Every structure is written in C-alpha cells, then in structure tokens.
Peer 1: 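For reference, the structure I am asking about is given below.
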Amino acid sequence: MILTAKHLIEKAGKHLGLSQQEIDYILKIDHEHVFDIVLDNGSTHKAYRVQHNNSRGPYKGGIRFHPQVDLNEVRALSILMSLKTAAVGLPLGGGKGGVAIDPRSLSETELEQLSRAYVGHLHPHIGPDTDIPAPDVNINSQIIDWMVDEYETITGDKSKASFTGKSIGKGGSFGREAATGRGGMIAIGEYLKLAGKNPSEMTFAIQGVGNVGAFFTKLAETELRARIVAVSDSQRTLVVKDFSNNKDFISLEGLKNRRKGLIDDLANSHVEFLDRDAILELPVDVLVLAALGDTVVKGNANMVKAPIILELANGPIDEDGFDTLTAKGTVIIPDIVANAGGVIVSHLEWLQNKAGESWSEEQVNEKLAEYMVAATREIYEYGKEHNIPLKQAALALAMKRLLESKKAK
Ligand code: GLU
C-alpha cells in the first residue's frame, strides 16, 4: 500500500507539474511513534502512531487493531489521511495508528487493557489540538471511551476533544457511527446523478459488511433504492441467484450478526453462497469495496466486471489494479473522497466538544452531505476538465491544498 500511495502521488504530482521537492514534501512523514504493548497475559504487541502532516490543522486519523498492521501500512494510511482531509476541505492534517493484534482473540478485560496501554504510551504526543485519533478497523465507541478516559486520567483534560468516535453519552456525535457508510452512499448517489444514471435501476455488490459496509448497504437500499444483489464477509459471498433475470435483492434488515460482520443470517431460498472473492467478479453495475486494503490487485483486477467501483475501504485497489481497471475504462470513486464521511463527522464531533454543544442527527447529516456533495462534484469537474481519472483528480486537488498550506505557514 505504501508503494501504491507513493506512485499515485508521484503520478498526480507530474500531472500538476510539481517539482521533486514538492512531491517529497507531500510524502514526508513528520513523526513516527513505535512501541510495544505488553498485556498482563504476557503477550507483547507492536503499536504505532504515525503523524504525517499538520500544515492544515491537527493530525487526524483512526487507530486499527488488526493482525496485518505494520509500520509501512500505517505510514501509507497516514498519508492518505492528510490527502483525505485536504480533498474534502477540512482544517485538519493526517495521521494513523494501529496495533498488530486480532482483537477477537482477547477477552473484554484484555481489550480494555490494550486500549488504555496504547494511550498510556502515546499521551504526550496527542491531544485536542495536536493529534486527535478516532476509530478505524475493529475499533468501536467503547474502545474510544476507554481511551478518552485514560487520556483524561493521565492529563486532566476534560474537554473530551482528544478523540472522536466516542459513544453519545461520553461526548460522541449523533451520526458518527454511520458516517462513513452514509458518506459513501452520498458520494455514489451524487456521482450517478452527475453521470445521468439512476441508482434504483442498478445492481450493487458490497465486499465487507463490517461497520462501514453494513451502514452503506442499509442506506443505499433505503435512501438510494439501489438493488443490492451481493454482499460478502471474510469467509463467503452471498448472491441473489440469477440476479440479472429477476428483481430480487438482499435486505440487510435481517442481518442480526452485523456487529460480527457476518452474513449467515441472510440465507434464504433466493440466494446462494459462493467463495469469498467471487464478489469481485460479479457482473453488477456498482462494486463497493468496504473490506481491507489491497483487495483488487494484479492477479484479479482483470476479472472485475463492474464498470463503477466505490472505494469505501482505505486503499482497496493497488497500483497494478488501478492501472488495469483504468485501462479498461472502469470508473473508480476514490477512497479519499468516498470514505471521508467518517472524518467529516469526526470533525463535527470535535467542534461540538469544543463548543460544549450537542447537535441533532439531522443537523450532522445535513453538514455531512454538504461536504460530500461538494467534494464529489469538485473531483468530477476537475477530472472532466483535465481528462484524468477521478482518483488522480482527487489526489491532485488534495496535493495542491497541502502545498498551499505549506506556503501559507
Ligand atoms: N478511520 C477513518 C478514516 O480512515 C476516520 C478517521 C477519523 O475520523 O479521524 O477516515
């Protein structure tokens, strides 16, 4: 992922006519914090926080608990965060954190210990005006609540603005949990509108039904009236049988196991199970990638049939995958805009904490929609004007903003 980010940035930089020095500035990472967390059960886990760039505002970005987390991945994700906040016009920088661990292997007590220990190591380097972490893969509001509590105990900061993604009772914002999925739904809805297409006449397949994928699916079904014909989890794909010849669809209303990100509950006589990666090859109109990074790569990009892809995860398509898809004309709505809903509502949460206010869900959703619609239109127009893919358009716009804020400093 780090190489993909680097190469795509270099490509967009060339398009903008940037000097090597300017490209190096965009790739430069400000600080890297790497430490070990030792749990009471004796196990040791590598932990990271990478602070990429704060020229536009405090470092901002999630923390993930996942066995695949390593320094290079966190670096790439931190760069993507700075580009994301710039692409959607937030006054924030970019950072990312993670711990190399499978949280499902931990008891509740161990999970709390891990979360508090992460803050115990990192607290001198983060804070409401310095670096504001948030949820990412496998992190929920309970984990963030433990982290805020630990931060408050150690530093005495009572503002609650040190983290976003808190539960509502602990200073969280209405709409934050659904924000990434909702933002993605708005981005694809706006893109289809601009392209003169009607989502209710289109078939959608969604890879990943964790927090982001599940909220996206529900909202795409209820607000866009999109026809969801396939979803997948970490083990299997569930698809409507013979979906091009009937009007059946999958409804997530029945997905009781959403929190575990599993699709077993949805089985019925209209659907069948295929293997996990079959989702990528289905002849649907829109493929939504809401699982992990680097899932569409050299070996499988050619098999993707959907003409439109929404990158709801961070970095789900690698550089080879991107080149293959672009060569065959696939439209990719890029992650740094498509999944920005989470950080947009994080920003709204932080503003509420700072002002001591609590806004209604309608207010939050309205502001989220304003940001998402504006950013989607902007990359669409820029891409059209310069005849470049949306991904390159989003990167170019974001990079220009990063450089402008550097000059203004
Ligand atoms: N983890 C989310 C992302 O990748 C949200 C980050 C945040 O809210 O700061 O954008």
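In listed order, ligands and their atoms are each counted from 1. Values below: all heavy atoms of this structure, side chains included; hydrogens, waters and symmetry mates excluded. Nothing here was measured: the structure is a model prediction, and the numbers come from that model.
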Peer 1: Would Asp131 and Lys60 satisfy salt bridge (Lys or Arg N to Asp or Glu O under 4.0 Å), going step by step from the backbone distance to the final call?
Peer 2: CA-CA 6 Å; Asp131 180 356; Lys60 185 86 192 81; over 6 Å; no
Peer 1: Under a 4.0 Å heavy-atom limit, does Leu77 contact ligand 1 with its side chain, its backbone, both, or neither?
Peer 2: neither
Peer 1: Just to be sure I read this right, does ligand 1 sit under 4.0 Å from the backbone of Lys96, its side chain, both, or neither, counting only heavy atoms?
Peer 2: side chain
Peer 1: Report the part of Arg176 in contact with ligand 1, treating N, CA, C, O as backbone and CB onward as side chain, heavy atoms under 4.0 Å; options are side chain, backbone, both, neither.
Peer 2: side chain
Peer 1: Is there a polar contact, in the sense of an N or O pair closer than 3.5 Å, between Asn339 and ligand 1?
Peer 2: no
Peer 1: Tell me: protein heavy atom nearest atom 9 (O) of ligand 1, and distance?
Peer 2: Lys60 NZ, 2.8 Å
Peer 1: Answer yes or no: is there a side-chain heavy-atom contact under 4.5 Å between Tyr151 and Pro128?
Peer 2: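 Answer yes - side chains close enough.
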Peer 1: Need the ligand 1 atom indices (1-based, order shown) with element for anything under 4.0 Å from a heavy-atom of Lys84.
Peer 2: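 Answer, ordered by atom number: 3 (C), 4 (O), 10 (O).
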Peer 1: Strictly under 6.0 Å, is that where the ring centroids of Phe35 and Tyr118 end up?
Peer 2: yes
Peer 1: Taking distance alone, with no angle check, do Pro135 and ligand 1 share an N/O pair under 3.5 Å?
Peer 2: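 Min N/O separation from ligand 1 is below 3.5 Å for Pro135.
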Peer 1: If you count the atoms of ligand 1 from 1 in the order shown, which ones are under 4.0 Å from a heavy atom of Ala134?
Peer 2: 7 (C), 8 (O), 9 (O)
Peer 1: With a cut-off of 4.0 Å, which atoms of ligand 1 are near a heavy atom of Gly342?
Peer 2: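 Result: 8 (O).
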Peer 1: With salt bridge (Lys or Arg N to Asp or Glu O under 4.0 Å) as the criterion, how do Asp248 and Arg227 come out once you've worked through the C-alpha distance, each side chain's angles and the decisive distance to 0.1 Å?
Peer 2: CA-CA 8 Å; Asp248 283 346; Arg227 198 153 75 87; over 6 Å; no
Peer 1: Can you list the ligand 1 atoms lying under 4.0 Å from a non-hydrogen atom of Ser346?
Peer 2: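 Close to Ser346: 7 (C), 8 (O), 9 (O).
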Peer 1: Could you tell me whether His31 and His125 have their ring centroids closer than 6.0 angstrom?
Peer 2: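 Not close enough - the centres of the two rings lie 6.0 Å or further apart.
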Peer 1: Is the shortest side-chain heavy-atom distance between Leu351 and Glu357 below 4.5 Å?
Peer 2: no
Peer 1: Any side-chain heavy-atom pair from Asp285 and Ile308 closer than 4.5 angstrom?
Peer 2: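 No, every pair of side-chain atoms sits at 4.5 Å or beyond.
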Peer 1: At what distance is the nearest protein heavy atom to atom 6 (C) of ligand 1, and which residue and atom is it?
Peer 2: Gly62 N, 3.7 Å
Peer 1: What atoms in ligand 1 come closer than 4.0 Å to a heavy atom of Met81?
Peer 2: 3 (C), 4 (O), 6 (C), 10 (O)
Peer 1: Taking side-chain contact (heavy atoms from CB on, under 4.5 Å) as the test, write out the residues that go with Arg377, two or more places apart.
Peer 2: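 Counting only residues at least two positions away or on another chain, Arg377 forms a side-chain contact (heavy atoms from CB on, under 4.5 Å) with Glu190, Leu194, Val373.
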